[in-house]
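These notes are about the structure you will find just below.
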Amino acid sequence: MLAYTVRRVLQMIPVVIGSTFIIYALTFLMPGDPIAAITGSRPLPASTVNQIREAYNLNDPFLIQYGKYMLGLLQGNLGIDLFGRPVAGLIAERLPVTLQLGLTAWVLKLAIGLLIGIYSGLKHNRPADHFALFFTVFFIGVPGFVVALGAQTLFGIRLNWVDPAGIGAGWPMAFILPALVMAVESSAGLARLTRTSLVDVLRTDYMRTAMAKGLSPERRIWGHALRNTMIPVSTYLGLSLAGMLGGTVIIEAIFNIPGIGQLMVAAINNKEGTTVVGIATFLVIAYLLFNLAVDLMYGLIDPRVRV
């Protein structure tokens with residue numbers, strides 16, 4: 001297990017380097033001047049602008065800037081924004097809100113996706129299965145921001161069931177609508193995976209043997225089929241928990257939720273490259289750590305994975 005853990009950690013290193021390089025390159029190529037974006041219609045003297053550019057390495061070639069950023073990252077430094085604030089501190093301030101939204105959405109996704117997937121698998125090729133297929137294909141195909149804007153208009157403005165934006169109402173009322181939008185959209189994939197896995201398990205020889213032995217349908221399904229169905233599903237759920245953090249970017253912007261997603265959108269609008277790269281790097285590392293935890297857990301469950 002130790003060798004497997006070391007191997008998985010070493011595999012993360014090129015992924016971090018490659019992903020941060022791409023993120024930094026895309027940010028570096030963003031049009032516009034970040035200093036002009038924050039000064040607006042009252043430009044600074046040329047000497048002041050040059051001092052700021054030197055302080056933030058903006059005059060250096062791309063590879064030099066990236067190298068300095070990676071050296072800082074190795075020391076746990078995600079950079080300093082143009083207002084002199086540490087990006088890590090900005091993330092720490094807003095992360096609790098994003099975690100509340102992401103975890104709420106993940107729990108709702110778990111409930112919706114598993115219920116639809118299990119019911120659809122048990123009703124294989126029946127009308128309920130076809131309806132579930134339509135539901136999943138529809139929400140996989142519709143862009144998330146369209147669902148978010150439609151739900152915000154209907155439930156927040158027209159029906160006035162919840163606040164259409166902000167977190168003034170606190171948890172759960174302020175988070176239930178954006179979390180439900182995220183959950184419905186992402187639960188479609190979970191439902192399809194659960195349904196396919198359950199159908200495959202129900203067709204196995206040991207399930208036919210259990211039926212031949214006279215086991216009740218409840219015992220066959222809950223005691224045998226679902227336990228084996230959950231093996232691939234549990235891996236997907238672990239990875240999707242990390243994906244929920246990155247998926248809050250658009251939702252937080254639409255519902256005006258002050259999390260790290262809204263912070264990233266504001267940084268993009270203000271040409272704040274350091275903040276954009278810092279948040280993206282944090283999300284990449286968080287995803288890789290979740291992925292590592294899932295792989296290690298899976299390695300403990302199934303020794304064949306460690307080979």
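On a predicted model such as this, the values are computed, not experimentally measured, just so you know.
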Under 6.0 Å between the ring centres of Phe62 and Phe21?
yes
Report yes or no: does [X] contribute a side-chain atom to a donor-acceptor pair with the main-chain N or O of [Y] at less than 3.5 Å?
| X | Y | value |
| --- | --- | --- |
| Thr196 | Leu193 | no |
| Gln152 | Ile254 | yes |
| Glu272 | Ala267 | no |
| Asn269 | Val265 | yes |
| Ser197 | Thr194 | no |
| Asp163 | Ala165 | no |
| Asp81 | Arg85 | yes |

Please give me the minimum heavy-atom distance between [X] and [Y], naming the atom from each residue.
| X | Y | value |
| --- | --- | --- |
| Gly278 | Val87 | CA-CG1, 4.0 Å |
| Ile251 | Met182 | CG1-CG, 3.4 Å |
| Ile257 | Pro178 | CD1-CG, 3.7 Å |
| Gly261 | Thr98 | N-OG1, 4.3 Å |
| Ala151 | Leu177 | O-CD2, 3.8 Å |
| Ser187 | Ile112 | OG-CG2, 3.5 Å |

Grouping I, L, V, M, F, W and Y whenever their side-chain heavy atoms are under 4.5 Å apart, do [X] and [Y] come out in a common cluster?
| X | Y | result |
| --- | --- | --- |
| Leu63 | Val277 | yes |
| Val147 | Leu154 | yes |
| Ile167 | Ile157 | no |
| Leu133 | Leu198 | no |
| Val142 | Phe134 | no |

Side chains of [X] and [Y], heavy atoms from C-beta outward: is any pair under 4.5 Å?
| X | Y | value |
| --- | --- | --- |
| Glu252 | Met264 | no |
| Thr274 | Ile80 | no |
| Phe255 | Leu101 | no |
| Leu78 | Tyr69 | yes |
| Leu10 | Ile13 | yes |
| Gln262 | Arg94 | yes |

Residues [X] and [Y]: side-chain donor-acceptor under 3.5 angstrom:
| X | Y | value |
| --- | --- | --- |
| Tyr66 | Thr20 | yes |
| Ser120 | Asp129 | yes |
| Tyr24 | Thr281 | no |

About how many Å separate [atom2] of [Y] and [atom1] of [X], when rounded to the nearest 0.5 Å?
| X | Y | atom1 | atom2 | value |
| --- | --- | --- | --- | --- |
| Thr153 | Arg158 | OG1 | CZ | 7.5 Å |
| Ile17 | Leu73 | CD1 | CG | 10.0 Å |
| Thr136 | Arg192 | OG1 | CZ | 4.5 Å |
| Lys68 | Asn77 | NZ | CG | 13.5 Å |
| Ile260 | Leu95 | CD1 | CG | 5.5 Å |
| Trp171 | Gln100 | CH2 | CD | 8.0 Å |

Please indicate whether Ile268 has more than 12 foreign heavy atoms, meaning atoms of other residues, nucleotides or ligands, lying under 6.0 Å from its CD1.
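Yes.
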Given Lys109 and Glu185, is the side chain to side chain contact (heavy atoms under 4.5 Å, CB included) satisfied, shown in steps?
CA-CA 9 Å; Lys109 169 185 176 175; Glu185 182 187 7; over 6 Å; no
